[in-house]
Chemist: 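There's a structure below that I have some questions on.
Bear in mind the structure is a predicted one, so any value in this text is a computation, not a measurement. So you know, we letter chains A, B, ... as the sequences are listed, proteins then strands, and number each from 1.
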Protein chains: 2
Amino acid sequence: MGVTKTEVFTAEQNRIAELAKAFAHPARVAILQHLVATKSCICGELVDELPLSQATVSQHLKELSRIGIIKGNVQPPRVCYCINESVWEEAKAAFGGLLATFTVNECC
Amino acid sequence: MGVTKTEVFTAEQNRIAELAKAFAHPARVAILQHLVATKSCICGELVDELPLSQATVSQHLKELSRIGIIKGNVQPPRVCYCINESVWEEAKAAFGGLLATFTVNECC
DNA sequence: TTTGTATATCGCAATATTACGATGATATTT
DNA sequence: AAATATCATCGTAATATTGCGATATACAAA
């Protein structure tokens, strides 16, 4: 169907999946890496950095904003984006927690 | 289009995005959590655990196998799945590395 | 050999995602 | 006021994803 049955999973599972989506496209990885590297926020500079159209970059930025991992600071006609520290920490805790739980297999 | 322009991004960015997809759906998060929790490998038991059809679970398992984060051990008519330790470590390093790079913003 | 069990795959339907050109909105500059 | 610059949104097209019933496959058991 293309529609995820979110209602049958836990809130934690759904949130982890949502946070993972922030990293689940190379363009968004590139955006996040750039925002991390240039500590100061970036605006349409991202459009110059990425080999994608302005409309496409804007769409990825919107998705990252929806997830909450970045935030935008409007100073018309520019918009300054940057990492949302609290959500970044949330992602760090979520992935770190999950990834740390694995110890060893007893078969395979 | 629905088709990602992978060729314009770095191999690292594409790999991170691929690894993130393993966690980008609540059903796959649930599968991974279950495989981690029950150290010994699990078979069709996953179908009983998850409120999804056998066909759908099998499809998610196939995607996780394609990414490489799980591996299957065929012992007909059963298949025993488990975490692929090396790829799990790869994910830990990839996300850990990226998430650790952020220090602080200079605006926003 | 037939039956049963477990899993994968096929085929389909519905929705989601990715991408971009064109356009709209907003504020600064001229 | 008009022109410019920046960014968001709309509309559209193409492909991907999600989900499931039905069927195929592969082996074990009867």
Chemist: For the pair made of CD1 in B:I67 and C1' in D:dT17, what is the distance, rounded to whole Å?
Modeler: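 Atom CD1 in B:I67 sits about 12 Å away from atom C1' in D:dT17.
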Chemist: Using the ring pair (Phe, Tyr, Trp, His ring centres under 6.0 Å) criterion, which residues pair with A:F102? Sequence neighbours excluded.
Modeler: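 Only B:W88 meet the ring pair (Phe, Tyr, Trp, His ring centres under 6.0 Å) criterion with A:F102.
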Chemist: Find the distance B:I70:CD1 to C:dT7:C1' and express it as a whole number of Å.
Modeler: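 These atoms are roughly 13 Å apart.
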Chemist: Name the residue closer to the 5' end of DNA chain D, choosing between B:P76 and B:P51 according to the nucleotide with the nearest heavy atom.
Modeler: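 The residue mapped nearer the 5' terminus is B:P51.
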Chemist: With sequence neighbours left out, what residues match A:S58 under side-chain contact (heavy atoms from CB on, under 4.5 Å)?
Modeler: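 Per chain and number, A:S58 pairs via side-chain contact (heavy atoms from CB on, under 4.5 Å) with A:Q54.
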Chemist: For residues 28-39 of chain A, which side-chain N or O atoms pair as donor and acceptor with protein atoms under 3.5 Å away, sequence neighbours left out?
Modeler:
residue: A:R28; atom: NE; partner: A:K21; partner atom: O; Å: 3.1
residue: A:R28; atom: NH1; partner: A:H60; partner atom: ND1; Å: 3.1
residue: A:R28; atom: NH2; partner: A:K21; partner atom: O; Å: 2.9
residue: A:Q33; atom: OE1; partner: B:Q13; partner atom: NE2; Å: 2.9
residue: A:H34; atom: NE2; partner: A:E45; partner atom: OE2; Å: 3.2
residue: A:T38; atom: OG1; partner: A:H34; partner atom: O; Å: 2.8
residue: A:T38; atom: OG1; partner: A:S40; partner atom: O; Å: 3.3
residue: A:K39; atom: NZ; partner: B:T103; partner atom: OG1; Å: 3.2

Chemist: Locate the shortest heavy-atom distance separating A:C82 from A:C41; write the atom from each residue and the value.
Modeler: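 Where A:C82 meets A:C41 most closely, the heavy atoms are CB-SG, 2.8 Å.
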Chemist: Between atom CG in B:L64 and atom C1' in C:dT7, what is the gap in whole Å?
Modeler: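 These atoms are roughly 16 Å apart.
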Chemist: At less than 4.0 Å, is any side-chain N or O atom of B:H60 found next to OP1 or OP2 of D:dT17? Yes or no.
Modeler: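 It does not, given that no N or O in the side chain of B:H60 lies less than 4.0 Å from OP1 or OP2 of D:dT17.
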Chemist: So which protein nitrogen or oxygen atoms get under 3.5 Å of nucleotides 6-13 of chain D's nitrogens or oxygens?
Modeler:
residue: D:dT6; atom: O3'; partner: A:P77; partner atom: O; Å: 3.3
residue: D:dC7; atom: OP1; partner: A:G44; partner atom: N; Å: 3.0
residue: D:dC7; atom: OP1; partner: A:V79; partner atom: N; Å: 3.3
residue: D:dC7; atom: OP2; partner: A:G44; partner atom: N; Å: 3.1
residue: D:dA8; atom: OP1; partner: A:Y81; partner atom: OH; Å: 2.4
residue: D:dA8; atom: OP2; partner: A:S58; partner atom: OG; Å: 2.8
residue: D:dA8; atom: N7; partner: A:Q54; partner atom: NE2; Å: 2.9
residue: D:dA8; atom: N6; partner: A:Q54; partner atom: OE1; Å: 3.0
residue: D:dA13; atom: N1; partner: B:M1; partner atom: N; Å: 3.0
residue: D:dA13; atom: N3; partner: B:M1; partner atom: N; Å: 3.3

Chemist: How long is the gap from CD on A:E85 to CD1 on A:I70, to the nearest 0.5 Å?
Modeler: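 One gets 15.0 Å once the value is rounded to the nearest 0.5 Å.
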Chemist: Under 4.0 Å, heavy atoms only, any strand: does B:S53 hit a base, just the sugar-phosphate, or nothing?
Modeler: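 B:S53: base contact, heavy atoms under 4.0 Å.
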Chemist: If we only count heavy atoms from C-beta on, is the A:F23 to A:I69 side-chain gap below 4.5 Å?
Modeler: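 A:F23 vs A:I69: side chains touch.
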Chemist: I'd like to check the ring pair (Phe, Tyr, Trp, His ring centres under 6.0 Å) partners of A:F95; sequence neighbours left out, ordered by chain and number.
Modeler: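 Here the qualifying residues are B:F95.
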Chemist: Specify the separation, in whole Å, of atom CZ of B:R66 and atom P of D:dT17.
Modeler: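 Nearest whole value for this atom pair: 8 Å.
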Chemist: Among residues 5-32 of chain A, which contact DNA chain D at a heavy-atom distance under 4.0 Å?
Modeler: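 Here the set is A:K5.
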Chemist: State plainly whether one hydrophobic cluster holds both B:I42 and A:V104, where clusters connect Ile, Leu, Val, Met, Phe, Trp and Tyr through side-chain heavy atoms under 4.5 angstrom apart.
Modeler: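 Not linked; separate clusters.
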